[in-house]
Amino acid sequence: MAGDTSAYWAACRRGELVVQLCTACARRVHLPETDCPWCAGGPLVFEPVSGEGVVHTFTVVHRSFAPGYQGREPYVLAWVDLPEGARAFGQVVGCAPDEVRIGMPVRVTFVDDLPHWRPR
């Protein structure tokens, strides 16, 4: 079924990070997409990855407009480069916001079945 992300969420519930692999162009995709953002081909299949990565870029949120995050500020949201070739998104946890750096090695962890990143 096009747009079905159930395999992604089932993996998160198991504590496993998966990304999509485009069978047409062999690029990896995270967060789940219906079609490949590079070639518009597919299909996209889910494959497990190591869960290791490095912070590519990040922002510290001091004022959240997302109802579920209001009152939790400051927090860090980051794009993380995975060695498998994808860039994953998530919150950095397990350290103070002022400790996060570009190039910082991180490992996936799951909080409420959502992928987050903690320092290695």
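All values reported here derive from a predicted model rather than from experimental measurement.
Thr109 is listed as a side-chain neighbour of Val93, based on a closest heavy-atom distance under 4.5 Å. For the pair Val29 and Pro37, the minimum side-chain heavy-atom distance is below 4.5 Å. Two residues are said to be in side-chain contact when any heavy atoms from C-beta on lie closer than 4.5 Å; Pro97 and Phe58 fail this criterion. Residues Val19 and Leu82 meet the side-chain proximity criterion, which asks for heavy atoms closer than 4.5 Å. Put simply, the side chain of Val106 reaches to within 4.5 Å of the side chain of Val55, judged on heavy atoms. For the pair Val54 and Arg120, the minimum side-chain heavy-atom distance is below 4.5 Å. Looking at Pro74 and Val61, their side chains never come closer than 4.5 Å, going by heavy atoms from C-beta outward. Between Arg27 and Cys39 the shortest side-chain heavy-atom distance does not fall below 4.5 Å.
Cluster membership check: Val60 does not share its hydrophobic cluster with Phe65, using side-chain heavy-atom separations under 4.5 Å among Ile, Leu, Val, Met, Phe, Trp and Tyr. Cluster annotation: Tyr69 and Trp79 are assigned to the same hydrophobic cluster (Ile/Leu/Val/Met/Phe/Trp/Tyr, side-chain heavy-atom contacts under 4.5 Å, transitive). In this structure, Val76 is a member of the same hydrophobic cluster as Val108, with clusters built from ILVMFWY side-chain heavy atoms closer than 4.5 Å. Under a hydrophobic clustering in which Ile, Leu, Val, Met, Phe, Trp and Tyr are joined whenever their side-chain heavy atoms come within less than 4.5 Å, directly or via other members, Val18 and Leu21 fall into different clusters.
Residues passing the salt bridge (charged side-chain N to carboxylate O under 4.0 Å, His left out) test with Glu16, sequence neighbours excluded: Arg14. Residues passing the side-chain contact (heavy atoms from CB on, under 4.5 Å) test with Glu73, sequence neighbours excluded: Ser64, Gln70, Tyr75. In this view, Glu47 and Arg28 satisfy the side chain to side chain donor-acceptor pair (under 3.5 Å) rule, not counting sequence neighbours. Under the side chain to side chain donor-acceptor pair (under 3.5 Å) criterion, Trp9 pairs with Thr5, sequence neighbours left out. Residues satisfying the ring-ring contact (aromatic ring centres under 6.0 Å, His included) test with Tyr8, not counting sequence neighbours, are His30.
The two residues Pro83 and Gly53 make their nearest non-hydrogen contact at CD-CA, 4.4 Å.
For residues 95-120, the set of pairs meeting the ring-ring contact (aromatic ring centres under 6.0 Å, His included) definition, not counting sequence neighbours, is empty.
Counted within 6.0 Å of CZ on Phe89, heavy atoms from surrounding residues, nucleotides or ligands total more than 12; the atom is thus considered enclosed. The environment of Asp98 atom CG is dense: over 12 non-hydrogen atoms of other residues, nucleotides or ligands sit within 6.0 angstrom.
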- Given Arg13 and Asp113, is the salt bridge (charged side-chain N to carboxylate O under 4.0 Å, His left out) satisfied, shown in steps? CA-CA 5 Å; Arg13 284 190 298 278; Asp113 296 332; 5.4 Å; no

- Query: So Cys95 and Arg118, side chain to side chain contact (heavy atoms under 4.5 Å, CB included) or not? Walk me through it.
  - Reply: CA-CA 7 Å; Cys95 67; Arg118 62 177 167 76; over 6 Å; no

- Message: Go through it in stages, so that I can follow the logic: the residues are Leu114 and Cys12, the test is side chain to side chain contact (heavy atoms under 4.5 Å, CB included), and I'd like the CA-CA distance, side-chain angles, deciding distance and then a yes or no.
- Response: CA-CA 6 Å; Leu114 293 174; Cys12 288; over 6 Å; no

- Between Met104 and Val92, is a side chain to side chain contact (heavy atoms under 4.5 Å, CB included) present by the stated rule, with each step listed? CA-CA 11 Å; Met104 182 173 85; Val92 178; 4.1 Å; yes

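The closest donor-acceptor contact from the side chain of Glu84 to the backbone of Ser50 lies under 3.5 Å.
Separation of atoms CG (Asp81) and OG1 (Thr57) is listed at 10.0 Å; rounding is to 0.5 Å. The distance from atom CG of Leu44 to atom CD of Glu33, rounded to the nearest 0.5 Å, is 8.0 Å.
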